[in-house]
Amino acid sequence: MPALWITVVLLALATAYSAMLVASKRKVPLWLVVVFAVVFMFGFLTWAASGAAIPVIGLLFGSLSLAVPLIYGSLTGVIGERVGVINIAIEGQLLAGAFTAAVVASVVSSSTGQPWLGLIAGTIGAMVAGLLVGMVLASFSIKYFVDQVIVGVVLNVLVIGLTSFFFSQVLSPNAGTLNTPPRFERLPIPLLSDIPIIGPVFFRQTIVVYLMYIAVALVYVGLFHTRWGLRLRAVGEHPQAADTVGIKVNRTRFWNVALAGAIAGLGGTFFTIGSGIAFNKEMTAGAGFIALAAVIFGQWDPIKATLAALLFGFASNLQNTLSVIGSPVPSEFMLMLPYLVTIFAVAGLVGKVRGPAAAGKPYIKS
């Protein structure tokens, strides 16, 4: 009870401070939202796990693991929509990356006897697979002006069909040589990995997770602090104005959508060589669509989208943890919570949510 009362007081103070900021027409800082969410979750877990023990490190580690492909997918969605192309095909790009990584890594490692060569080849192959799916999306939506949502849905169905067919007809009969991928080993970072709680969760990970940290930082800095990002955002907001100053709108859109596809392909490696799991049908299980929700919830910002993806991962892992310890809270409620928050965000009840003005609109030069 003392912990709950302290939580209530802290939440009340944070709410009062945010209300004061809103009343003075100032923006509520992101750190305040994060602090509120952390304190609220601490209080909720204190109540939900009363009389039981929650493995905090395991909970956070599993949450990050579930969020890794979502973060890669959300970065793909942010780049695509910022440049003016709605990418519904993230699911297909993740799946294509997972399939290619498993096959290429299995073939190379078995033929050379060097697992690390297989891992490198599988990672490159996954990025190429995601890149190709992104280029198909860009070609149809930019050059031929096909509805971007329809193209994305068709690409998802196409990739699911192709990977399922090859899995049944090729991988299953030859699983020993084509579907036994090696896995990236965990690489603890000296000193950082010894930090209590944070160290084991964030700094005892595989190279795929470390590349994710780098990708988030690069996309954020690139979008808001470089000439490339300025041009990308200009094309997504007002392509006609960008065209008048000499920016090639369609070329910019094409190559950035392709780049975003490569990032999604890299995220797909987490399902196979990143976790040491053989490829299986539809193993991404809708992660691409959850990543799209994270993009909207994160207001098309790489950092906010990453935090939203972490929220989805945390909620998914929390419902498993609560069911194990026998908590009275229905696990379905926790699994449903981030989607409800996203609906409120999209509906405009949690701040103003507006995507890039030209997203989904093909540019026809007049």
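All residue numbers refer to positions in the sequence shown, counting from 1.
Atom CZ in F145 sits 6.5 Å away from atom CG in N250 (nearest 0.5 Å). If you take NZ on K248 and CZ on R231, they are separated by 10.5 Å, rounding to the nearest 0.5 Å.
For residues 199-222, the pairs satisfying salt bridge (charged side-chain N to carboxylate O under 4.0 Å, His left out) are D194-R204, with sequence neighbours left out. For residues 53-77, there are no ring-ring contact (aromatic ring centres under 6.0 Å, His included) pairs, not counting sequence neighbours. The side chain to side chain donor-acceptor pair (under 3.5 Å) contacts involving residues 19-45 comprise S24-R26, where partners must be two or more places apart or lie in separate chains.
Of the listed residues (I90, V133, I150), just one forms a side-chain contact (heavy atoms from CB on, under 4.5 Å) with L155, and that residue is V133.
The side-chain heavy atoms of I88 and F289, taken from C-beta on, include a pair separated by under 4.5 Å. Counting only heavy atoms from C-beta outward, the side chains of M127 and L131 never approach each other to under 4.5 Å.
Residues F184 and V209 share a hydrophobic cluster, clusters being chains of Ile/Leu/Val/Met/Phe/Trp/Tyr side chains in contact below 4.5 Å. A continuous path of hydrophobic side-chain contacts links V85 to F254 [ILVMFWY only; heavy atoms under 4.5 Å]. In the hydrophobic cluster analysis, where Ile, Leu, Val, Met, Phe, Trp and Tyr join through side-chain heavy atoms closer than 4.5 angstrom, V136 is grouped together with F166.
Among all heavy-atom pairs drawn from P239 and Y363, the shortest one is CB-CD1, 3.7 Å. Between T180 and S106 the shortest heavy-atom distance is N-OG, 3.0 Å. T306 and P302 get closest at one heavy-atom pair: OG1-O, 2.7 Å. Taking all atoms of both residues into account, the shortest heavy-atom contact from L311 to F297 is CD2-CE2, 3.4 Å. The shortest heavy-atom contact between A359 and E81 is CB-O, 3.9 Å. In plain terms, the two heavy atoms of Q148 and S141 that are nearest each other are CG-CB, 3.4 Å.
Environment of CD1 in I198: sparse, with no more than 12 heavy atoms of neighbouring residues, nucleotides or ligands closer than 6.0 Å. Around atom CD1 of I189, more than 12 heavy atoms belonging to other residues, nucleotides or ligands sit under 6.0 Å away.
Counting only distance, with no hydrogens or angles, the side chain of N156 and the backbone of G92 share a donor-acceptor pair below 3.5 Å. In this structure, the side chain of N317 does not engage the main chain of G313 through any donor-acceptor pair within 3.5 Å. Under a 3.5 Å cut-off, the side chain of D301 and the backbone N or O of K304 do form a donor-acceptor pair. Panel note: side chain S111, backbone V108; a donor-acceptor pair is recorded below 3.5 Å. Put simply, the side chain of S168 never gets that close to the backbone of F165: no donor and acceptor are under 3.5 Å apart.
Side-chain N/O atoms of N87 and Q93 include a donor and acceptor closer than 3.5 Å. T284 and E91 form a side-chain donor-acceptor contact under 3.5 Å, judged by distance and modelled atom types alone.
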Under 3.5 Å, side-chain donor or acceptor atoms of residues 259-279 against the rest of the protein: list the pairs with distances, not counting sequence neighbours.
from: T269; atom 1: OG1; to: L266; atom 2: O; distance (Å): 2.5
from: T272; atom 1: OG1; to: A98; atom 2: O; distance (Å): 3.3
from: S275; atom 1: OG; to: F270; atom 2: O; distance (Å): 2.7

Can you give me every donor-acceptor pair (side chain of residues 115-124, partner residue at least two apart or in another chain, under 3.5 Å) with its distance?
from: W116; atom 1: NE1; to: Q114; atom 2: OE1; distance (Å): 3.0
from: T123; atom 1: OG1; to: L119; atom 2: O; distance (Å): 2.8

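Under the 30°/60° scheme for interplanar angles, the aromatic rings of F36 and F40 are found to lie parallel.
Counting Ile, Leu, Val, Met, Phe, Trp and Tyr side chains that sit under 4.5 Å apart, directly or through other members, V9 shares a hydrophobic cluster with L13.
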